[in-house]
Student: 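Before we start, here is the structure in question, set down as structure tokens.
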Amino acid sequence: MFKKILQSLSKSQQAKSQAPVPAKPSGPLPVAPVGASASSVTPKPNVLERVVIGTPQKDYPTTSSSKPRTPEELCELTPKMSKEQISARLKLLYRRFNRSASSLDPKIRAEAEKMLNAIVLVREKHFGEL
Amino acid sequence: MAEFVGIDLGTTLSGLAYLKSDGNPEIVPNADGERLTPSVVFFDTHEDVKLVGSAARDGGEPDRTVFQIKRHMDDPEYLVDIDGKKWTPSEVSALILAKLKRECSKIIGEINEVVITVPANFNELARKSTIAAAEMAGMKVKRLVNEPTAAAVYYAHNQGVQGRILVYDLGGGTLDTTILEVQGDNIRILTSEGARHLGGSNFDELLLDAYTEQYQKQTGAQLYSDERHRRRILQATEDAKKMLSKLQRVNDTVSNDQSNGIARIDLTRDGFEKMVRQMLTRTVMLVEQALDSAKLKPSDIDHVVLVGGSTRIPKVKQILEKLFNKTPKSCGNVDECVALGAALFAKKSARIQEVCNASYGTLAMIYNAKTGEEKLMNSIVIPKNTPIPCSRTQVYQTSEDNERVIEVDITQGEDDDPRYVDIIGRITLEVPPNRPKGCEIAVTFSYDENQRVRALVVDKQSGRSREVAVSYKGAGVLSDEELKKKSVSLRQMRIE
């Protein structure tokens, strides 16, 4: 049922630049610009010869408004979410950003820290403090 | 000659243990009479000597002192500049290992082969750098073993326990959580999860903020103006933190280096626990992640074992007791059990089944024929927690007609979303011309017992193939030739 077609990073970047509108990522929307914007994410020529943790393809969306986002907004929680849904969402985000917290890119690491702080605040609010 | 030797190359402390003839491990003290050696290196100005350990830690020149080098073992560009000479993290670590080898071998005999412990979430480069450090120090690495695994091996040996064990290892710089199963003499690792930059030194920094705030409030002045004084205050905060594990209230007096007066610092355990609460919540989330990865509930865990100096904090025990509804047990001296376990592991490694610490795969456009949906995803070939050594293959198709070069990115990470995985290498394979799209390409990843990964790409039609081990380049990564040269030079250095 599933066909797996090989795509390299460079190919996927080419495809992205040609595609009219990239699909909206299912992941969270981290807070602030990290690295390059989507239009300037061409990897450095030697980028794959080195350890690449947090490569430029992590085109996190930028914060559009000047108003700081709340921890709930950062975690993309909606008021209608049940406790189970919030818990599942926080687990997914924790796994994702705990990993990004080890990035060699200080910007990605800083963003991961912000997200981890937001995740903890949301957890404490909805599930109580330790 | 010492046959079974284990080394815990820690962020803040390092230790060496060996297996005695009665089968029990023992810590070997260094020449300063200390069972554990601070992982600190001081490069002296006047004499050509490298001080390692307490003397280095307590010295006064921060510009010539290297702390916590382990935190940089995975950074290919990180270098320490001393008098114009650039030291890689691996070389600095080699100085620590060389001191341990030289001084401990005077007590237990020649040390040639060792097991070295690493954090469970150490990546490929950090593991390779650790092996290189040992080689420069004149030791062959028999195996690398994850720190919580080593601690669990020691705990199981010491306590004679059976069943499922969760190890919570909160050290100076990192948190690791491992779940394993002990049956008789056999140990099976189920999962390991780690969090970088989450450990005792983070708590010290929070206490440093409290000291700074109280000092400023009382004197109106800054507590420190240079790194040397900041280090001294940081040492005081570490002492205060340790006291707060025993006492409810601690007082300290501090002054700055500008003669702005003395301030009395008041700290309470309650206040400290509030300070570190959010960090501890993160540690609980990591424990929950480990349980999820192993598809277990807290009630499925038979023993909760504490490892690492930061587990002396009473709140740590409380939160784990609440989560598991059982009292966590400490495996003896929480600072030494990793090295002791490593020595045991050196003998028992054949009976210990470890798992892959991360998922490895490639990027692929996944097309769902049923829904017509197509999405660029991280396609995992070896899932995390696969028993190692292992090898797995997945077959993919080419995307374009007349594709001459197949490029396969090697990804590390569990996320489906390519934005949240690391690309740690690429294989390029030339294939014959004039072929339609849809040709089959087999991608095989293999994972060895030292948690090192290799990738093989085979064009099934032409039979052409290419295999690579993930390799790294960067100013802080030594080539094989450089490694040999550095080994020779390090053997001639005065290290004390």
Side-chain angles (χ1 to χ4, degrees), chain A residues 1-12 15-16 22-23 25-28 30 34 41 43 46-55 57-60 87-88 90-104 108-109 112-113 116-117 119-121 123-124 127-130, chain B residues 74-77 121 123-125 193 195-198 277-278 280-282 284-286 288-289 292 315 318-319 322 362-370 375-376 379 394-399 406-409 413-426 437 441 443 472-474:
Chain A
M1 184 188 294
F2 291 97
K3 195 157 81 174
K4 295 179 174 178
I5 300 160
L6 273 176
Q7 288 280 308
S8 67
L9 176 64
S10 49
K11 265 191 195 169
S12 70
K16 193 180 276 185
S26 59
V34 174
V41 291
N46 65 345
V47 74
L48 291 168
E49 292 173 359
R50 300 183 291 121
V51 184
V52 183
I53 297 178
T55 51
Q57 89 270 20
K58 294 189 178 179
D59 48 345
Y60 295 139
S87 172
L90 294 182
K91 280 181 180 180
L92 182 143
L93 293 181
Y94 177 80
R95 186 181 282 275
R96 181 171 282 174
F97 287 100
N98 178 49
R99 187 174 170 76
S100 297
S102 305
S103 171
L104 291 181
I108 290 176
R109 222 163 43 224
E113 277 300 316
L116 288 170
N117 287 337
I119 292 162
V120 167
L121 287 172
R123 180 186 160 112
E124 288 187 338
F127 302 96
E129 292 177 2
L130 288 179
Chain B
D74 62 357
D75 187 343
E77 302 297 344
N121 69 341
N123 70 12
E124 279 273 307
L125 176 58
E193 302 286 351
R196 290 281 309 279
H197 307 299
L198 179 51
R277 191 191 68 227
Q278 294 191 347
L280 293 181
T281 301
R282 284 198 204 178
V284 169
M285 294 190 83
L286 192 81
E288 290 170 348
Q289 184 176 306
D292 283 346
K315 186 74 177 172
Q318 284 168 24
I319 56 172
K322 192 174 163 193
T362 188
L363 296 183
M365 196 62 81
I366 309 291
Y367 175 70
N368 185 333
K370 199 173 175 185
K375 199 174 176 187
L376 181 70
S379 170
Q394 284 228 10
V395 176
Y396 298 87
Q397 295 181 4
T398 54
S399 60
I406 308 292
E407 288 175 337
V408 178
D409 289 331
E414 288 68 55
D415 219 299
D416 287 343
D417 189 332
R419 294 178 308 156
Y420 299 102
V421 295
D422 304 324
I423 295 175
I424 59 169
R426 172 180 290 174
K437 66 181 177 185
I441 305 292
V443 177
Y472 302 89
K473 287 179 186 165

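All chains are named by letter (A, B, ...) in the order of the sequence lines, taking the proteins before the strands, and each is independently numbered beginning at 1. No experiment lies behind these values; they were computed from the predicted model shown. Computation of the quantities below employed the complete heavy-atom set of this structure, encompassing side-chain atoms and omitting hydrogens, waters and symmetry-equivalent molecules.
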Student: Closest approach of B:K315 and A:L130, non-hydrogen atoms and distance?
Tutor: NZ-O, 3.7 Å
Student: Looking at OG1 of B:T281 and CZ of A:R123, how far apart are the two atoms once the value is rounded to the nearest 0.5 Å?
Tutor: 6.5 Å
Student: Would you mind checking which part of B:T362 comes under 4.5 Å of any heavy atom in chain A, side chain (CB onward), backbone (N, CA, C, O), both or neither?
Tutor: side chain
Student: Between B:D422 and A:R99, is a side-chain contact (heavy atoms from CB on, under 4.5 Å) present by the stated rule, with each step listed?
Tutor: CA-CA 10 Å; B:D422 304 324; A:R99 187 174 170 76; 3.0 Å; yes
Student: Relative to chain B, which segment of A:E113 carries a heavy atom at a distance below 4.5 Å: side chain, backbone, both, or neither?
Tutor: both
Student: What residues, two or more places apart in sequence or in another chain, satisfy salt bridge (Lys or Arg N to Asp or Glu O under 4.0 Å) together with B:D416?
Tutor: none
Student: Of all of B:I441, B:V395, B:L198, B:L286, which one pairs up most often with chain A through heavy atoms under 4.5 Å apart?
Tutor: B:L286
Student: Determine the option with the most heavy-atom pairs under 4.5 angstrom with chain B, choosing from A:I5, A:L90, A:V120.
Tutor: A:I5
Student: Please rank B:M285, B:K322, B:Q278, B:E193 by heavy-atom pairs under 4.5 Å with chain A and give me the top one.
Tutor: B:M285
Student: In terms of heavy-atom proximity below 4.5 Å to chain B, should A:R95 be classed as side chain, backbone, both, or neither?
Tutor: both
Student: State plainly whether the residues A:R96 and B:E414 are in salt-bridge range, i.e. N to O under 4.0 Å.
Tutor: no
Student: Will you find, in the side chains of B:Q394 and A:K4, an N or O donor that is under 3.5 Å from an N or O acceptor?
Tutor: yes
Student: Test B:R277 against A:E129 for salt bridge (Lys or Arg N to Asp or Glu O under 4.0 Å), laying out the working first.
Tutor: CA-CA 8 Å; B:R277 191 191 68 227; A:E129 292 177 2; 3.3 Å; yes
Student: If you count heavy-atom pairs under 4.5 Å between each of B:K437, B:Q289, B:R196 and chain A, which one has the most?
Tutor: B:Q289
Student: Could you tell me if the side chain of B:R282 sits less than 4.5 Å from the side chain of A:N117, heavy atoms only?
Tutor: yes
Student: Applying side chain to side chain donor-acceptor pair (under 3.5 Å), can you list everything that pairs with A:Y94, at least two apart in sequence or on another chain?
Tutor: none
